[in-house]
Structures are given as C-alpha cells and as structure tokens.
Asks: 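Before I ask anything, here is the structure I am working with.
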Protein chains: 2
Amino acid sequence: MEDVLFDFIARYISLTEEEKKALIDLDLFHSAKKGAVLLEEGQRSKQGYFVLKGCIRTHYTIEGVEKTTAFFTEMEGLTPPCVLDGKPSTYAVSCVEDTILTISDPSMEAEIFQKFPKFETMCRVLSEELLVKQQMDFDAFKTSSPEQRYLDLLEKRPDLIQRVPQYQLASFLGIQPQSLSRLRARVVEKSKH
Amino acid sequence: MEDVLFDFIARYISLTEEEKKALIDLDLFHSAKKGAVLLEEGQRSKQGYFVLKGCIRTHYTIEGVEKTTAFFTEMEGLTPPCVLDGKPSTYAVSCVEDTILTISDPSMEAEIFQKFPKFETMCRVLSEELLVKQQMDFDAFKTSSPEQRYLDLLEKRPDLIQRVPQYQLASFLGIQPQSLSRLRARVVEKSKH
DNA sequence: CACCCTTCTTAACTTAAGTGAAGGAATTTG
DNA sequence: CAAATTCCTTCACTTAAGTTAAGAAGGGTG
C-alpha cells in the first residue's frame with residue numbers, strides 16, 4: 001500500500017530511500033471499515049486524512065437530517081477545519097467504503113518538513129492546486145442547475161454515482177433525495193425521446 | 001501601501017529589512033480603476049493577484065450572460081487556474097472598485113522562496129487555511145437556500161452587499177438578479193411583521 | 001430464508017426560483 | 001443639466017425543487 005502513496009508523491013518530487021523510510025516510520029497507514037466514523041461532530045481532532053483506496057465523506061447533521069457535502073476518493077486528502085482552528089468540528093468524517101488511508105497530524109508534518117524541505121514544497125503546490133480546483137468546482141456549482149450538476153457529475157465522476165448512496169449524492173448536489181430521484185427519472189425520459 | 005502588505009505578512013512570519021526590500025524590489029504593487037479588466041476570458045496569464053485595498057471579482061460569460069462567482073477584498077488573493085494549467089482562462093477578473101493590489105507570477109515566487117524559505121512556509125499555511133475556509137463556504141452554500149445564503153452574507157459580509165451591484169451579488173449567491181430582488185422584498189416583509 | 005431496516009421511488013401538493021417584459025431609479029456621460 | 005445607459009424592481013407566468021406521505025426494492029442479519 002505504501003507504493004500507492006509513493007507513486008503519487010513521485011508525480012511531484014523524487015524520494016530517496018531514506019526519505020521513504022522516514023515516511024514509513026511515521027506510521028501513517030491505516031484501514032477502516034465501511035461506515036466507520038473517523039471524526040465525529042464536535043470532536044477536537046488534529047488528524048488529516050489522505051485516501052489511498054476507498055472513499056470517505058464529510059457530513060453535517062442539520063436539524064436532525066444528515067447532509068453529505070464532500071467525498072474524497074483515491075489520492076484525495078482532507079484537513080478538517082478543527083485541525084487549524086482548534087474548535088470542535090462542525091462536521092463528521094466517515095467511510096463510504098472499506099478504506100485504506102494515511103492519518104497524519106501537524107507535528108508529523110512539522111517533523112518531515114524540517115527533515116526534508118522539499119516535502120513542504122510539495123504540500124504547498126498540492127494545496128495551491130486543490131484550492132484552484134475547488135474554486136472551479138464551486139463556480140460550476142453556483143452557475144448551474146441541479147440537473148446540470150448531476151449531468152456534469154455523470155460525465156466527470158461516473159464512479160461516484162455508482163459507489164455512493166443516492167441520498168448522500170443528493171445533498172452533495174445541494175438537493176433533497178426525492179428531488180434527485182425525480183430529476184434522474186426526468187433525465188432518462190428526455191434521453192429516450 | 002507596502003505597509004498594509006507587511007502588516008498582513010507579520011501575522012504569519014517576521015520580516016527583516018532585507019526581506020522587505022527584496023519584496024519591494026519585485027515591483028509587486030499596482031493600482032487599477034473601477035471596471036478595469038485584469039484578466040480576460042481566454043487569456044493565458046501567469047499573474048496572481050492579492051488585494052491590498054478595493055475589490056476584484058471573477059466572472060464568466062455563460063450563454064451571453066455575465067455570472068460573477070467570487071469577490072476578493074482586502075487581504076484576499078486569487079491565483080487563476082490558467083497560471084497552473086497553462087490553458088486559456090475560463091473566467092475574467094476585473095475591478096469592482098478602484099483597487100490597489102499586488103501582481104506576481106510563479107517566477108517571482110520561485111525567486112523569493114529560494115532566497116527566503118520562510119516565505120514558502122507562509123504561502124503553504126495561507127493556502128491550507130484558504131482551502132479549509134473555502135471548503136466550509138462551499139458546504140454552507142450546498143446546505144442552505146438562496147434566502148439563507150443571503151441572510152448569512154448580510155451577517156458575515158455586510159460590506160459586500162454595500163459595495164457590490166445587486167446583479168453581481170445575485171450570481172455570487174447562485175440565483176438570478178430578479179430573484180434576489182424578490183427575495184430581499186420578502187425578507188423585509190417578514191422582518192416588518 | 002424470512003425479517004428488519006435502510007434506501008429509493010412515486011405521487012400530490014406547496015413554495016420558491018427561472019423567465020420575459022416593462023417601467024422606474026440611479027448613475028454616468030456628453 | 002439633460003440624455004443615455006445601466007441597474008433595480010415589479011409583475012405574471014412557467015418550471016422545478018421542497019415537503020409530506022406511502023409503498024417498493026434492496027441489503028444485511030439472525
């Protein structure tokens with residue numbers, strides 16, 4: 001499983017054996033079962049997650065109803081706000097599938113950045129890229145209808161539609177599960193024509 | 001105007017006079033008039049922007065209609081996707097007000113990162129913070145109605161509602177200008193009762 | 001294999017946003 | 001200061017999402 005991470009890192013920087021060993025020694029690798037909760041609402045955690053295989057999601061409980069806002073699959077990472085601001089987490093993180101992931105915290109990052117500065121460069125580049133990507137996703141969300149957002153998802157992340165329950169997809173798309181169900185029926189009807 | 005930037009940086013790292021001078025020597029500081037276009041749709045620019053005073057926005061032209069998706073005011077920065085991917089820009093950037101800002105490019109960053117590594121640490125921390133903040137904004141957008149989003153904006157960014165035209169605010173909130181107008185009338189009516 | 005619980009679909013009704021059009025501020029410009 | 005343009009509001013109508021409820025389908029467990 002380590003190799004999956006190292007292959008990903010190799011896209012950005014090249015690692016010596018020494019550096020790989022330092023990473024492995026941090027004991028980053030974990031696995032979790034489908035449904036397992038990695039972070040609960042209200043918890044003050046310092047853990048960041050990076051998915052190697054599987055899928056995790058962030059979800060809120062709003063007026064008693066669960067709302068899923070984001071999914072993270074292979075080679076995607078998440079740092080919850082509580083890691084940076086120290087406040088109780090506003091959302092929960094749990095596994096959509098059996099998942100293998102790395103779990104790290106700021107002290108582990110500080111240690112590795114200090115030993116190998118190029119790691120920090122990689123993390124800067126990564127988070128700049130993510131920021132830009134997310135801004136584009138947000139823009140696309142704002143400028144399109146639920147139906148268009150669903151069609152875009154069908155095209156760009158067909159896997160998500162397969163691996164995630166509809167009611168989680170619905171709130172991810174910013175609508176109610178019933179609306180997603182109706183919307184899909186509408187789309188099928190149109191494509192029949 | 002330099003001092004505004006240095007005060008901001010001082011929140012993250014402390015600068016020597018030498019470092020301040022290196023920054024000033026990069027010739028970062030610019031001013032632009034209200035309405036000025038900093039980046040046009042389709043352009044391949046390598047410029048990033050950081051607002052010291054004033055306001056800029058990103059906007060798309062979709063089926064002939066302008067859609068504003070984001071505003072950047074004092075101490076907020078924007079790196080357009082084209083800077084990272086080299087493709088023609090999908091959106092335009094222009095000034096909502098007369099604006100003083102820094103304009104930089106990757107080569108300037110590389111130069112300063114090389115001379116003073118702590119700048120890179122600051123940029124990493126900044127973009128990690130921004131990423132987290134934006135994820136929360138996106139989550140809030142997905143989980144609330146246009147009316148709730150407007151009320152949240154009233155509370156968290158009352159200045160934006162003052163300084164930005166309604167039709168730009170509307171698409172920022174993900175709705176049509178007419179809907180924002182109606183929604184505001186509804187809110188006023190409710191608060192009267 | 002049968003039961004249970006979760007998830008998905010359908011339907012009828014309500015509410016709010018989209019659309020097209022027109023008129024009224026407000027701001028800019030000659 | 002008047003004309004022009006841009007921006008905002010209102011209205012009537014259409015379309016789609018929210019809501020409430022009920023039942024069907026699917027998966028997991030004893």
Side-chain angles (χ1 to χ4, degrees), chain A residues 33-37 55 57 59 61-68 71 94-98 141-154 160-192, chain B residues 33-37 55 57 59-68 71 94-98 141-154 160-193:
Chain A
K33 288 276 170 206
K34 175 176 175 176
V37 177
C55 180
R57 68 187 172 110
H59 49 103
T61 304
I62 297 175
E63 295 174 20
V65 181
E66 181 187 290
K67 303 277 184 183
T68 296
F71 299 101
S94 52
C95 297
V96 174
E97 306 168 345
D98 289 357
F141 193 95
K142 282 183 177 176
T143 55
S144 53
S145 64
E147 179 170 328
Q148 193 56 53
R149 299 200 285 259
Y150 174 74
L151 293 173
D152 290 349
L153 195 67
L154 256 184
L160 263 193
I161 295 181
Q162 296 309 315
R163 63 207 291 195
V164 164
Q166 300 286 323
Y167 75 97
Q168 291 175 15
L169 269 185
S171 54
F172 177 70
L173 292 170
I175 59 177
Q176 301 300 315
Q178 300 92 318
S179 299
L180 177 55
S181 194
R182 172 171 48 196
L183 181 161
R184 294 175 72 215
R186 197 167 64 221
V187 166
V188 168
E189 200 50 44
K190 279 185 192 169
S191 70
K192 264 195 211 164
Chain B
K33 288 277 171 206
K34 176 176 176 175
V37 176
C55 180
R57 68 188 172 109
H59 49 103
Y60 296 74
T61 304
I62 297 175
E63 295 173 19
V65 181
E66 182 187 290
K67 304 277 184 184
T68 296
F71 299 101
S94 52
C95 297
V96 174
E97 306 169 343
D98 290 355
F141 193 96
K142 282 183 177 175
T143 56
S144 53
S145 64
E147 179 170 329
Q148 194 56 54
R149 298 200 286 259
Y150 174 74
L151 293 173
D152 289 349
L153 194 67
L154 256 183
L160 264 193
I161 294 180
Q162 296 309 315
R163 63 207 288 196
V164 164
Q166 300 287 321
Y167 73 98
Q168 291 175 16
L169 269 185
S171 55
F172 177 70
L173 292 170
I175 58 176
Q176 301 299 316
Q178 299 94 316
S179 299
L180 177 55
S181 195
R182 173 172 49 195
L183 182 161
R184 295 175 70 213
R186 197 167 65 221
V187 166
V188 168
E189 200 49 42
K190 280 184 191 167
S191 71
K192 261 194 210 164
H193 137 98

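As the structure is a prediction and not an experimental result, all values here were calculated from the model. Chain naming here is simple, since letters A, B, ... match the order of the sequence lines and numbering starts at 1 in each.
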Asks: Measure the CG-CG distance between A:Leu169 and A:Leu153 for me, rounded to the nearest 0.5 Å.
Replies: 6.0 Å
Asks: So do A:His59 and A:Ser94 actually touch side chain to side chain, heavy atoms under 4.5 Å?
Replies: yes
Asks: Going by side chain to side chain donor-acceptor pair (under 3.5 Å), name the pairs with one or both residues in residues 169-179 of chain B, residues two or more places apart or in two chains.
Replies: B:Ser179-B:Arg182
Asks: Can you pull out how bent the helix from C:dC1-D:dG30 to C:dG23-D:dC8 is, comparing the axes over its first five and last five pairs, to 10°?
Replies: 50°
Asks: Taking atom CG of B:Leu180 and atom OH of B:Tyr167, what is their separation to the nearest 0.5 Å?
Replies: 13.5 Å
Asks: Look for any protein N or O under 3.5 Å of an N or O in nucleotides 28-30 of chain D and output each such pair with its distance, or none.
Replies:
none

Asks: What string of B, S and - do you get for nucleotides 9-22 of chain C, 5' to 3', if B is base contact, S is sugar-phosphate-only contact and - is no contact with any protein heavy atom under 4.0 Å?
Replies: BB-----SBBBB--
Asks: I need the A:Leu160 CG to A:Arg57 CZ distance, nearest 0.5 Å.
Replies: 12.5 Å
Asks: Taking B:Lys142 for its side chain and A:Phe172 for its backbone only, find out whether a donor-acceptor pair lies under 3.5 Å.
Replies: yes
Asks: I need the CD-C1' distance between B:Glu97 and C:dT27, as an integer number of Å.
Replies: 16 Å
Asks: Taking the side chain from A:Asp98 and the backbone from A:Lys33, do they hold a donor-acceptor pair closer than 3.5 Å?
Replies: no
Asks: Suppose we screen for side chain to side chain donor-acceptor pair (under 3.5 Å). Which residues come up paired with B:Thr61, at least two apart in sequence or across chains?
Replies: B:Glu41
Asks: By side chain to side chain donor-acceptor pair (under 3.5 Å), which residues pair with B:Asp152, not counting sequence neighbours?
Replies: B:Gln148
Asks: Could you check how far OH of A:Tyr150 sits from C1' of C:dC8, rounded to whole Å?
Replies: 13 Å
Asks: Atom OH of A:Tyr167 and atom C1' of D:dG27: how far apart are they, to the nearest Å?
Replies: 13 Å
